[in-house]
Amino acid sequence: MVIKVFLASSSGSTAIKKKQQDVVGFLEALKVDYTQLDIACNEDNRMWMRQNVPEEKKPANGIPLPPQIFNEESYCGDYDTFFEAKEDNTVYAFLGLAPPPGSKEAEQADKNIVENGTHAEEANTEANVEDSTEVPVEERNGNAHAEEEEEQIEATADEAVEGDEAPADTTEEQQEQQEEEEEEEEAVEETDEAEEGEEEGEEEGEEEEQEQEEEELRQLEEEEEEGEEEEQAEQQEEEEAE
């Protein structure tokens, strides 16, 4: 099996370059055999990569970006899924390879196998215990009938109690509803009174302003009349002096 890593050697994106370096560097650290396929200089590589990335793994625009990783013809994933596998110590499973003995991933796999075997043994033991303590059918049927009768009695008693309590609950609800309606009416009345007070205050203010304007007009008219009288008096004095 050959791991194929599709890269863009002449990418202008710093982020893509960093992701490509992370993938290649980690594969080299694990000593995994892989092949780099450049999509920037080889149109065949570009077309093959785009055609073989599953549709559900492609971005919204339908054009997958490098790095894209394959195991022969099988798609492994992109940088994000590779990074998740790296964080979870499952890179070999991500690549479709068997983890080498002694690696963290191999130890984790062995641990899971042991745990699964232990769980299976415990489940079998519990099943055997349940089988050995199985109650006879007649006893189970008798207990079932007794339980059904008790449930019917309890249900009847509960219905009777609920029937007695229902009128009290209904009365309390009606009282609460009536109190809420009265509070709402009082609040509406207070709001109306406040609005009426504001309207009256506005009307009084407008009347005062109108009276003040009229008074100012009167004063201006009186001043103009006095000025005219003074001018006439001065003219008469001048005529008499001549």
K.L.:
Are any of the side-chain heavy atoms of Y92 and P100 separated by less than 4.5 Å?
P.N.:
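The answer is yes; the side chains approach within 4.5 Å.
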K.L.:
Which distance, rounded to the nearest 0.5 Å, do you find between the CG of D80 and the CD of E84?
P.N.:
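Rounded to the nearest 0.5 Å, the CG-CD separation comes out at 7.0 Å.
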K.L.:
Are any of the side-chain heavy atoms of N89 and Q108 separated by less than 4.5 Å?
P.N.:
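Not touching, per the 4.5 Å side-chain cut-off.
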K.L.:
To check you understand the geometry: which heavy-atom pair defines the closest contact between A106 and P99, and what is its length?
P.N.:
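Looking at all heavy atoms of both residues, the closest pair is N-CB, 3.8 Å.
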K.L.:
When rounded to the nearest 0.5 angstrom, what is the spacing between NZ in K17 and CG in D22?
P.N.:
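Rounded to the nearest 0.5 Å, the NZ-CG separation comes to 14.5 Å.
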K.L.:
Please name the pair of heavy atoms, one in Q68 and one in V53, separated by the smallest distance, quoted to 0.1 Å.
P.N.:
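That closest heavy-atom pairing would be OE1-CG2, 4.0 Å.
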K.L.:
A side-chain contact here means heavy atoms from C-beta on lying under 4.5 Å apart; do W48 and I39 qualify?
P.N.:
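The answer is no; the side chains never approach within 4.5 Å.
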K.L.:
Using a strict 4.0 Å threshold on nitrogen-to-oxygen distance, state whether R46 and E43 make a salt bridge.
P.N.:
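A salt bridge links R46 with E43.
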K.L.:
Could you tell me which non-hydrogen atom of A40 sits nearest to which non-hydrogen atom of S10, and how far apart they are?
P.N.:
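Heavy atoms of A40 and S10 come nearest at CB-OG, 3.3 Å.
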K.L.:
According to side-chain hydrogen bond (donor to acceptor under 3.5 Å, both in side chains), does anything in residues 51-66 pair up with another residue at least two apart or in another chain? List the pairs.
P.N.:
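Checked against side-chain hydrogen bond (donor to acceptor under 3.5 Å, both in side chains) - neighbours excluded - the pairs reaching residues 51-66 are E55-K58.
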K.L.:
Which pair of non-hydrogen atoms, one from C76 and one from F94, has the smallest distance, and what is that distance?
P.N.:
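Answer, listing the atom of C76 first, then F94: O-CE1, 3.2 Å.
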K.L.:
State, yes or no, whether a side-chain contact exists between L95 and L27 at a heavy-atom distance under 4.5 Å.
P.N.:
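Yes, their side chains come closer than 4.5 Å.
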K.L.:
So, applying ring-ring contact (aromatic ring centres under 6.0 Å, His included) with F70, which one of F82, Y34, Y75 is it?
P.N.:
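Considering F82, Y34, Y75, a ring-ring contact (aromatic ring centres under 6.0 Å, His included) with F70 is found only for Y75.
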K.L.:
Is there a donor-acceptor pair closer than 3.5 Å between any side-chain N or O of Q20 and the backbone N or O of P66?
P.N.:
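Checking the backbone N and O of P66 against the side chain of Q20, no donor-acceptor pair under 3.5 Å is found.
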K.L.:
For the CG atom of D38 and the CZ atom of F6, what is their distance to the nearest 0.5 Å?
P.N.:
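Answer rounded to 0.5 Å: 10.5 Å.
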K.L.:
Measuring from atom CD of Q232 to atom CD of Q236, what distance do you get when rounded to the nearest 0.5 angstrom?
P.N.:
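CD of Q236 is found 7.0 Å from CD of Q232.
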K.L.:
How long is the straight-line distance from CG of L37 back to CG of L7, given to the nearest 0.5 Å?
P.N.:
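L7 CG to L37 CG: 8.0 Å, rounded to 0.5 Å.
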K.L.:
When you group the ILVMFWY residues by side-chain heavy-atom contacts below 4.5 Å and let the links chain together, are V5 and F83 in the same group?
P.N.:
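Same hydrophobic cluster.
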K.L.:
Looking only at non-hydrogen atoms, find the nearest pair between V23 and P67 and report the distance.
P.N.:
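Closest pair (atom of V23, atom of P67, distance): CG2-CG, 4.0 Å.
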K.L.:
State plainly whether one hydrophobic cluster holds both I3 and Y79, where clusters connect Ile, Leu, Val, Met, Phe, Trp and Tyr through side-chain heavy atoms under 4.5 angstrom apart.
P.N.:
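Yes; Y79 is reachable from I3 via cluster members.
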K.L.:
How many angstroms lie between atom CE of M49 and atom CG of N42, to the nearest 0.5 angstrom?
P.N.:
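Atom-to-atom, M49:CE and N42:CG are 12.0 Å apart.
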